[in-house]
Amino acid sequence: PLRALFVYLETERGGHFTTEEQRLFPHLVARADVAAGTIPLFLDEHVAVRAATRELAEAVEHGSAAAQVAAAEALIDLLRAHVAKEDAMLLAVAAVTPNL
C-alpha cells in the first residue's frame, strides 16, 4: 500500500507543483495583495515535500515497516499543512487573477 501511495503522491504532487511553479507563481509574484514572502514560502515547502517524498521512496525500498510508516506520516503532515496554506493564502488571490 505504501508503494501505491508513493506512486500516487509522486504523480499528483509532481504535476501540481510544476503547474504552480511554472504558471501560477509567475502571475502572482507581481500582485500587490500577495505578501512578498508568500511565493518563496511555497517554493521552500515544495523543496521540503520533494525531500520527504524521496525519504518515503527510500523507506519503501530499504526501510523497516516502522520507517515506512514514519516517512509516510511525515509526508502526509507536510502535505496537509501545505494544502491548508494554499487554501488560506493562494486560492482567493488566484480566483480573481485574470488569465490564469
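As a basis for the values below, the full set of heavy atoms in this structure was taken, side chains included, without hydrogen atoms, waters or symmetry mates. This one's a predicted model, so the numbers in the text were calculated from it and none came from an experiment.
A continuous path of hydrophobic side-chain contacts links V7 to V49 [ILVMFWY only; heavy atoms under 4.5 Å]. L28 is connected to L41 through a chain of hydrophobic side-chain contacts under 4.5 Å among Ile, Leu, Val, Met, Phe, Trp and Tyr, so both are in one cluster. Taking hydrophobic clusters as Ile, Leu, Val, Met, Phe, Trp and Tyr residues chained together by side-chain heavy-atom distances below 4.5 Å, M89 shares a cluster with L43.
The shortest distance between side-chain heavy atoms of E45 and L78 does not fall below 4.5 Å. For the pair L9/L79, a side-chain contact is recorded, criterion being any heavy-atom separation below 4.5 Å from C-beta on. Residues L56 and E10 form no side-chain contact, since every pair of their non-hydrogen atoms from C-beta on lies 4.5 Å or further apart.
Between the side chains of H62 and Q68, no donor-acceptor pair is found at a separation under 3.5 Å.
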### Task
With side chain to side chain contact (heavy atoms under 4.5 Å, CB included) as the test, would you mind laying out the steps for F17 and Q22 before giving the verdict?
CA-CA 8 Å; F17 284 4; Q22 293 179 356; over 6 Å; no
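Considering every non-hydrogen atom in both A59 and A67, the closest pair reads CB-O, 3.8 Å.
Within the model, atoms CD of E86 and CG of L24 stand 8.5 Å from one another, a figure rounded to the nearest 0.5 Å. Interatomic distance, OG1 of T18 versus NE2 of H46, reported as 9.0 Å (0.5 Å rounding).
Ionic pairing of R23 and E20 is not present here: no N-O contact between side-chain nitrogen and carboxylate oxygen is shorter than 4.0 angstrom. Contact check on R50 versus E21 returns a salt bridge, with a Lys/Arg side-chain nitrogen under 4.0 Å from an Asp/Glu carboxylate oxygen.
Ring-plane geometry between H82 and F42 is classed as perpendicular, the angle between the planes exceeding 60 degrees on a 0 to 90 degree scale with a lower cut at 30.
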